[in-house]
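Only one structure is covered here, and it is reproduced in the block below.
We count ligands from 1, going down the list as the structure has it; atoms in each ligand are counted the same way.
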Amino acid sequence: MSEIWVELGDRSYPIVIGARLSEKAPALLKTAGLSEAPLLIVTDESVAAAQAETLDGWHNLPGHRTELVVLPPGEETKSLRCFSMLLDRIAAFDEGDGAAIVAFGGGVIGDLSGFTAACYKRGIPWVQVPTTLLAQVDASVGGKTAINHPSAKNLVGAFHQPRIVVADMSTLSTLPSRELRSGLAEVVKHGVIEDAVFFHRIEQTMPQALAVDPAVLEDYVESSCRIKARIVGEDERDTGGRRALLNYGHTFGHAIELAAHFNYAHGEAIAIGMACAGDLSVRLGLWPAADARRVEAALVAAGLPVSAQNTELARVMEAMRLDKKFENGLNRFILAHGIGHVEIHKNLPDEMILETLRGRIEMTV
Ligand SMILES: NC(=O)c1ccc[n+]([C@@H]2O[C@H](COP(=O)([O-])OP(=O)(O)OC[C@H]3O[C@@H](n4cnc5c(N)ncnc54)[C@H](O)[C@@H]3O)[C@@H](O)[C@H]2O)c1
């Protein structure tokens, strides 16, 4: 078992990483100052079915009054309707005795539960038990919570740090392989943005990761959390520029995700986005083509796509213009200067972006 701290003054919290952590839940909750807190445990139907035993461990915690909320799986659950329903549940559960919310699931359950915890009574404590690789290496770290609005993803949200993140590696054993690969995209991203040594390790161990080797996945989660925790500690509210570095591949990726009508899973779209960002970095002479090829090879080894099919270029450009990461209509990209070193670049010529996309998008009319 290892522990990484997100250092945020009086909002600091540990990310605990290890196997069968539900057995240690009482001690972990004590560390988080929630020894006897009543716990509203939120999950989705697929996680509840796949991880019944681990979930039972949390549901039947000695010394805690608990209740379980099981929501439908999928992005649609990050809705105003589910948020409102969850508020009803926590209001009914809360007896004024310090109730907390436990998010037991992937990024969808984490974002919705965290946002509910942020809003109810202007903020109650919450605990993240991420059960997808993507949530363990990314979504559960940093306190960004949100639900979707019909006009845009993650439009309604709040910063609300959890009291503790419990990354139980045992939960990954039932993760569908497409979800595993989606999380691997963010792992590769962490190597590219901050840590060349870690990236080299990823290159060497990807086959074991795909075979769900616990030691390799634990290394990926620990190294990724260390990188993200450090960046979040320096720029909690995404105002200083540091946190934006985590968006490597995301400007292209989100636009492709939208333009392809969500036919690509989030991590798949980010993988294509990273390939585009790598190409653009080569085009600008920021890093050698050989580095871009190494990243592309790591993504391919993870079973991820590096080009988009059935996607209209014009729609990608349009989606990019509407991206909330653009400032005053000026584009903003995170580009690579080497493996382990990325920087923000603004206001690049449209023609250069178009050329980059042409190389990665197979157009259909
Ligand atoms: N808050 C943040 O900083 C942040 C960062 C990145 C992504 N996100 C958000 O995270 C969401 C995506 O998260 P995700 O990829 O974890 O998706 P998800 O929560 O939808 O989980 C993916 C699928 O895997 C299933 N699943 C989860 N754990 C399982 C397990 N252990 N065994 C079997 N099945 C399991 C779920 O039921 C779901 O069907 C998006 O909404 C995205 O916006 C948030």
Side-chain angles (χ1 to χ4, degrees), residues 6 15 19 21-22 42-55 70-79 82-83 103-115 117-118 126 128-149 152-162 165-187 189-190 212 217 221 224-225 228-229 231-232 235-238 243-244 246-250 253-254 257-258 262 264-271 273 324:
V6 184
I15 302 163
L21 292 180
S22 59
V42 185
T43 192
D44 74 37
E45 286 154 9
S46 307
V47 179
Q51 287 295 321
E53 196 186 323
T54 309
L55 187 58
V70 184
L71 298 167
E75 190 65 32
E76 299 72 35
T77 292
K78 269 173 63 173
S79 63
C82 288
F83 168 59
F104 187 95
V108 163
I109 291 300
D111 277 9
L112 171 72
S113 307
F115 183 60
W126 72 298
Q128 293 237 51
V129 186
T131 63
T132 62
L133 183 63
L134 182 123
Q136 293 187 352
V137 300
D138 187 5
S140 67
V141 183
K144 277 191 181 178
T145 71
I147 56 172
N148 299 327
H149 183 268
K153 221 174 115 106
N154 295 328
L155 196 63
V156 183
F159 285 94
H160 187 46
Q161 302 295 343
V165 178
V166 181
D168 187 340
M169 305 307 298
S170 318
T171 60
L172 299 183
S173 61
T174 56
L175 194 62
S177 75
R178 192 174 182 193
E179 301 299 341
L180 180 77
R181 284 184 268 122
S182 200
L184 288 171
E186 301 289 352
V187 172
K189 179 197 78 180
H190 286 129
V212 199
L217 290 179
V221 173
S224 293
C225 287
K228 185 159 181 188
I231 292 175
V232 167
D235 183 18
E236 181 185 9
R237 293 194 158 243
D238 209 354
R243 201 163 170 162
L246 291 162
N247 288 330
Y248 183 68
H250 284 56
H254 280 162
E257 202 176 5
L258 264 178
F262 292 92
Y264 291 106
H266 178 72
E268 291 169 349
I270 297 309
K324 60 186 190 296

Spacing of OG belonging to Ser224 relative to CD belonging to Gln136, to within rounding of 0.5 Å: 10.5 Å
Shortest non-hydrogen separation from Ile270 to Tyr248 and the atoms involved: CG2-O, 4.4 Å
Gly110 backbone acceptor or donor facing Ser113 side chain under 3.5 Å: no
Selection residues 104-114 - residue pairs positive for salt bridge (charged side-chain N to carboxylate O under 4.0 Å, His left out), sequence neighbours left out: Lys78-Asp111
Parallel, tilted or perpendicular: ring planes of His160 versus Trp126, cut at 30 and 60 degrees: parallel
Pocket residues of ligand 1, ordered first by chain and then by residue number (heavy-atom cut-off under 4.0 Å): Asp44, Ser46, Val47, Ala50, Gln51, Pro73, Glu75, Lys78, Gly106, Gly107, Val108, Asp111, Thr131, Thr132, Leu134, Asp138, Ala139, Lys144, Lys153, Asn154, Thr171, Thr174, Leu175, Pro176, Glu179, Lys228
Residue among Ile231, Val221, Val6 satisfying side chain to side chain contact (heavy atoms under 4.5 Å, CB included) with Val141: Val6
